[in-house]
Undergrad: 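Once you've had a glance at the structure underneath, I'll fire off some questions.
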Amino acid sequence: MPRFFVEQTAIHGDTIVLDEANAKHLSFSLRAKAGDHIFVCDAAGQLYECELTKLDGKTVEARILSVQPSVSEPPYEAVLCQAIPKGDKMDLIVQKAVELGVSRVIPVESQHCVTKIKPEARAKKRERWQRIAEAAAKQCGRGKIPQVEEPIRFEALLSLAPDGCGYFCYENGGDSLKTMLHQERTKRDKAPVFYFLIGPEGGFSCEEALAADQAGWRTVSLGSRILRTETASLFLLSALSYEIEIESDIRK
């Protein structure tokens, strides 16, 4: 069943009004008609099953049939701080990170990044990545659209993570990822928050590693093999989902 996202302001009693972009998609791409059913998610993670009542190519109105919390959101907040890779690799990273449960994506400009985004192009880049995130959220049945932020400098990024929540993924040593995730799963009563910092193709410099350590980020190793930047982020999010989301369900 098609899935769409709206803000709370689009919900009026038992009716949801979709915007023009979604109206065009339903009317012309999906060739939907009155009486068809769709899923709608709001910004609070509620899932609505709706029946279409009006389609005119510019506006869609749908009647709410049922509402329930979305069950597709993970029981943690994962913020991927991804050093910007070259080419179109960031497109793939954003898409797959959304499928794997990421909450936010923060593109990071670090010392060894080959790609340098001009200040005037940052907003346009973010808009492209946000569209990719929205499409991925619809495809995989997410309850929310993860936000992709504008690129930020490495030095500025280090101050964003709450105390004890920053994890610096480094190929030159650090705590075992398995040990770290197990500790986080067992020590917290509330939903954990993770800020994972992944390096570019050339890795992090020694100066950046020192700065992360001084800023209180915990250094974490992803194993004995050096992973490509696009592999590292997806491997990490997969391991996080297994240890805290899937493994926890198995042990219940």
Side-chain angles (χ1 to χ4, degrees), residues 1-80 91-106 123-150 190-193 234 237-238 240-241 244-246 248-250 252:
M1 193 180 302
R3 179 176 297 237
F4 299 87
F5 292 88
V6 299
E7 298 295 330
Q8 288 284 345
T9 53
I11 303 173
H12 309 277
D14 66 349
T15 299
I16 297 179
V17 180
L18 279 69
D19 61 19
E20 185 173 354
N22 284 321
K24 288 181 178 179
H25 182 60
L26 273 164
S27 301
F28 303 117
S29 298
L30 299 181
R31 299 185 182 278
K33 60 184 182 300
D36 288 349
H37 288 199
I38 62 171
F39 282 132
V40 178
C41 293
D42 64 14
Q46 295 292 325
L47 179 66
Y48 301 83
E49 182 178 354
C50 302
E51 179 184 1
L52 298 175
T53 57
K54 177 184 176 182
L55 298 90
D56 60 13
K58 293 184 178 180
T59 304
V60 169
E61 293 184 4
R63 180 170 60 89
I64 298 173
L65 302 176
S66 65
V67 57
Q68 60 187 20
S70 174
V71 297
S72 59
E73 291 303 298
Y76 51 80
E77 181 182 352
V79 181
L80 176 62
D91 294 1
L92 173 69
I93 291 171
V94 169
Q95 181 190 65
K96 300 308 177 187
V98 170
E99 293 179 25
L100 291 169
V102 80
S103 304
R104 292 161 56 204
V105 178
I106 305 177
K124 187 175 181 179
K125 279 285 188 181
R126 191 208 70 80
E127 290 173 3
R128 171 181 171 79
W129 292 328
Q130 189 61 57
R131 289 195 299 270
I132 292 172
E134 181 174 354
K138 290 179 178 178
Q139 182 275 323
C140 72
R142 290 289 299 267
K144 299 179 181 178
I145 304 175
Q147 293 301 301
V148 183
E149 301 183 7
E150 285 194 21
K190 60 181 181 179
V193 178
L234 306 185
L237 291 170
S238 297
L240 177 65
S241 176
I244 297 185
E245 190 172 12
I246 298 175
S248 294
D249 288 341
I250 293 174
K252 287 181 181 178

Undergrad: Are I145 and K138 side-chain neighbours, meaning at least one heavy-atom pair lies under 4.5 Å?
TA: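 Not in contact.
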Undergrad: Out of the candidates R126, K125, R104, only one should pair with E149 under the salt bridge (Lys or Arg N to Asp or Glu O under 4.0 Å) rule; please name it.
TA: R104
Undergrad: Given side chains that start at C-beta, do those of Q46 and C41 come closer than 4.5 Å, heavy atoms only?
TA: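 Heavy-atom side-chain distance check fails, nothing below 4.5 Å.
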Undergrad: With a 4.0 Å cut-off, would you call E73 and K144 a salt bridge?
TA: no
Undergrad: What's the spacing between I64 CD1 and D14 CG if we round to 0.5 Å?
TA: 6.5 Å
Undergrad: Say you draw a straight line from OH of Y76 to CG of L240; how long is it, rounded to the nearest 0.5 Å?
TA: 4.0 Å
Undergrad: For side chain to side chain contact (heavy atoms under 4.5 Å, CB included), just list the numbers for V94 and V102, CA-CA rounded to whole Å, side-chain angles, deciding distance to a tenth of an Å, and then say yes or no.
TA: CA-CA 9 Å; V94 169; V102 80; over 6 Å; no
Undergrad: Between L80 and A97, what is the shortest heavy-atom contact and its length?
TA: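 Answer, listing the atom of L80 first, then A97: CD2-CB, 4.1 Å.
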Undergrad: Please check this pair: side chain of S103 against backbone of V79, looking for a donor-acceptor N/O pair closer than 3.5 Å.
TA: no
Undergrad: Can you pull the side-chain hydrogen bond (donor to acceptor under 3.5 Å, both in side chains) pairs that have at least one residue in residues 1-13, sequence neighbours excluded?
TA: Q8-D42
Undergrad: Please evaluate residues Q147 and V105 with respect to the criterion side chain to side chain contact (heavy atoms under 4.5 Å, CB included), reporting the C-alpha separation (whole Å), side-chain torsions for both, the decisive distance (0.1 Å), and the verdict.
TA: CA-CA 6 Å; Q147 293 301 301; V105 178; over 6 Å; no
Undergrad: Under 4.5 Å between any side-chain heavy atoms of V148 and I106, yes or no?
TA: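 With C-beta onward as the side chain, the pair stays apart.
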Undergrad: Are the side chains of V60 and V17 in touch, meaning some heavy atoms are under 4.5 Å apart?
TA: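 Sidechains of V17 and V60: no contact.
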Undergrad: Would a 4.5 Å heavy-atom cut-off, applied to side chains only, mark L55 and L52 as touching?
TA: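 Counting from C-beta outward, L55 and L52 do come under 4.5 Å.
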Undergrad: Calculate, to the nearest 0.5 Å, the distance between atoms CZ and CG belonging to F5 and N22 respectively.
TA: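 That separation rounds to 10.0 Å.
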Undergrad: Atom CZ in F39, atom OG in S66: separation rounded to 0.5 Å?
TA: 7.0 Å
Undergrad: Under the side-chain hydrogen bond (donor to acceptor under 3.5 Å, both in side chains) rule, what pairs show up with a residue in residues 51-62, not counting sequence neighbours?
TA: E51-R63
Undergrad: Side chain of S72, backbone of G141: donor and acceptor closer than 3.5 Å?
TA: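 Pair found, side chain donor or acceptor close to backbone of G141.
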Undergrad: Measure the CZ-CD distance between R131 and E134 for me, rounded to the nearest 0.5 Å.
TA: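 Interatomic distance, R131 CZ to E134 CD, rounded to 0.5 Å: 10.0 Å.
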Undergrad: Please examine the side chains of I16 and F4, heavy atoms only from C-beta on, and report whether any two atoms are closer than 4.5 Å.
TA: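 The answer is no, as the side chains (C-beta and beyond) never meet within the 4.5 Å cut-off.
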Undergrad: Please tabulate, one pair per line, all N/O donor-acceptor pairs under 3.5 Å involving side-chain atoms of residues 27-37, not counting sequence neighbours.
TA:
unit_1: S27; atom_1: OG; unit_2: A23; atom_2: O; d: 2.8
unit_1: D36; atom_1: OD2; unit_2: K33; atom_2: N; d: 3.0
unit_1: H37; atom_1: ND1; unit_2: E49; atom_2: OE2; d: 3.2

Undergrad: Any carboxylate oxygen within less than 4.0 angstrom of a Lys/Arg side-chain nitrogen, looking at E99 and K96?
TA: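 A salt bridge links E99 with K96.
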Undergrad: So do L65 and C50 actually touch side chain to side chain, heavy atoms under 4.5 Å?
TA: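 No, side chains not in contact.
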Undergrad: Which pair of non-hydrogen atoms, one from G143 and one from S70, has the smallest distance, and what is that distance?
TA: CA-OG, 3.3 Å
Undergrad: Report the distance from atom CG of L234 to atom CD of Q95, rounding to the nearest 0.5 Å.
TA: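 Result: 10.0 Å between the selected atoms.
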